[in-house]
Amino acid sequence: MLCKKFHRYSFQLLSFVRYQTNISKDNQNSKPSIEKKIYDQHLSNITVTSFYCQTAIEQFALKQSTRLSPLTMMYIGKTDDGRHLLRSAQYLHNDLPIRFAHRINDFRNLPFVVACNPLLLELHERFIKIFHTLHSFPPIKTLEHEKLFTELLQNTLNCTSDTLPLLAEGFRKSKQHIKQEMFVRNFLDRALASRLAIKMLIENHIELRKDKPNHIGIICMSFSPKKLIEASAEYAQEVCRATYGIAPDITIDGHVNSSFPYITMPLSYIVPEMLKNAFRATVEHHKNSDKKLPNVGVTISVNEDELLLRVRDRGGGMPGSLLDKIYDYHFSSSNLSNESPSLSYTDFDNYLYDQLTTRNIQHRMSGYGFGVPTSRAYCEYLNGSLTFETMYGIGTDVYIRLGLLTSENRIVRL
């Protein structure tokens, strides 16, 4: 449905361009403008049959995408004449088709019976349509072109907002047919990391059009880890209380006053996921105790090269047999017990429920085991890591490491 709306909007948008560029009735006999010719050609190219032309996809899949560093994005900044918007749009116009071609190529290489799953097939076809819509957009030479391209980017975001739940459900239903777990893990790592990168790049361009204090695009120039942790904890506590009727408190220590340039989006997913796991473990481990629940602690450490967050709970820890499986997609410790439901899965972003909840699937996503492996994929893509240290019978420490945007030793690229 989202995909149909996306392409219907694309047709409407281009039809509107044709209308806007129509000459007045007094000059109907004059030659059409060059812009009108460009957009008429674009409209004629967006046909159903063009979606099944594979040559362009094959050619673009052989190209390498250009991964920008956020540091470069900061240095480019903004210009009064809007040239920064043109440069950004031109970069996305060239690069996004390559990234979508890579994802399409990955779908083609899936085992046949897995690729035929209806949900994965829906994603595959959707990416093909998005590729052709972006690829056939005419060269961006003016700010008016950039404005129209930005509207197309916004609808691309809307069309891909449910990528993660479709992947989760599609692979869950195909799990019995999967023989090579590592092959699928690598596929999902690439798909989720690409999803994050595309979302960040598009939202950065959209945010560049806004005059947001202390921001350059999506980069917050004075990001506060403490504030993000507090907001994430508030969200996780709400979910925990809705599920169990109770939630532990949280303590924050370390470099609590630190601030630096950073992109909040990946941490806005990772931190709530780790807190939800810590809260659930704490509540379930102490469910028969009359004492107050032990606090969940978060320690902040910042140096020249990295941000390190430690999430510590006293939720009983994990045996070694489970520790080896927590990075596996679809593994969830909540599946080991039916005594109580797990915390619902939601893609927490900008302190609000993501578009996932618009499909009314947050309870259905419960216990699907995508939180930890997705967080790990995000950390590794951003030149970091996600590791666990556990003491069975006591609790678990989770270490979130991410390279700083200003680091010269751990360069982050999107």
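Nothing fancy with the numbering, it's 1 onward along the sequence. The structure presented is a predicted model; accordingly, all values stated were derived computationally and were not measured.
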Over all heavy atoms of both residues, which pair between [X] and [Y] is shortest? Give the atoms and the distance, please.
X	Y	result
Asn303	Leu404	O-CD1, 3.1 Å
Met274	Ile400	CG-CD1, 3.9 Å
Thr163	Leu123	O-CD1, 3.9 Å
Gly170	Asn117	CA-OD1, 3.4 Å

The test is side-chain hydrogen bond (donor to acceptor under 3.5 Å, both in side chains); show your working for Tyr378 and Arg195 and say whether it passes.
CA-CA 10 Å; Tyr378 285 2; Arg195 171 187 180 271; 3.0 Å; yes
Return yes when atom [atom1] of [X] has more than 12 non-hydrogen atoms of other residues, nucleotides or ligands closer than 6.0 Å, and no otherwise.
X	atom1	value
Asp211	CG	no
Asn214	CG	yes
Glu234	CD	no
Arg83	CZ	no

Quick one: side-chain contact (heavy atoms from CB on, under 4.5 Å) partners of Leu68, sequence neighbours excluded?
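So Leu68 forms a side-chain contact (heavy atoms from CB on, under 4.5 Å) with Met73, Tyr91.
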Salt-bridge contact Arg103-Asp106 (side-chain N to carboxylate O under 4.0 Å)
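Salt bridge between Arg103 and Asp106, a charged N being under 4.0 Å from a carboxylate O: yes.
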For residues 383-395, pull every pair meeting side-chain hydrogen bond (donor to acceptor under 3.5 Å, both in side chains), keeping only residues two or more places apart or in separate chains.
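Listed by first then second residue: Thr390-Thr396.
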Aromatic ring centroids of [X] and [Y] under 6.0 Å?
X	Y	value
Phe131	Phe60	yes
Phe107	Phe187	yes
Tyr329	Phe171	no

Using a 4.5 Å cut-off on heavy atoms from C-beta on, say whether the side chain of Phe260 contacts that of Met221.
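They are not in side-chain contact.
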So do the side chains of Ile219 and Leu405 get within less than 4.5 Å of each other, counting heavy atoms only?
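Yes, their side chains come closer than 4.5 Å.
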Could you tell me whether the side chain of His93 and the main chain of Phe137 form a donor-acceptor pair under 3.5 Å?
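Confirmed, His93 side chain pairs with Phe137 backbone.
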Could you list all the salt bridge (Lys or Arg N to Asp or Glu O under 4.0 Å) pairs where at least one residue sits in residues 247-265, not counting sequence neighbours?
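Qualifying pairs: Asp249-Lys292.
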Please list all pairs passing the salt bridge (Lys or Arg N to Asp or Glu O under 4.0 Å) test where one or both residues lie in residues 295-306, with sequence neighbours left out.
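Applying salt bridge (Lys or Arg N to Asp or Glu O under 4.0 Å) to every pair that reaches into residues 295-306, excluding sequence neighbours, yields Glu306-Arg401, Glu306-Arg410.
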Sequence neighbours excluded, which residues qualify as side chain to side chain donor-acceptor pair (under 3.5 Å) partners of Asn94?
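With neighbours one apart ignored, the set is empty.
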Salt bridge (charged side-chain N to carboxylate O under 4.0 Å, His left out) against Lys210, all qualifying residues, sequence neighbours excluded
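With neighbours one apart ignored, the set is Glu207.
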So if I apply the side chain to side chain donor-acceptor pair (under 3.5 Å) rule between Glu146 and each of Arg209, Gln90, Lys141, which one comes out positive?
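Single pass found, and it is Arg209.
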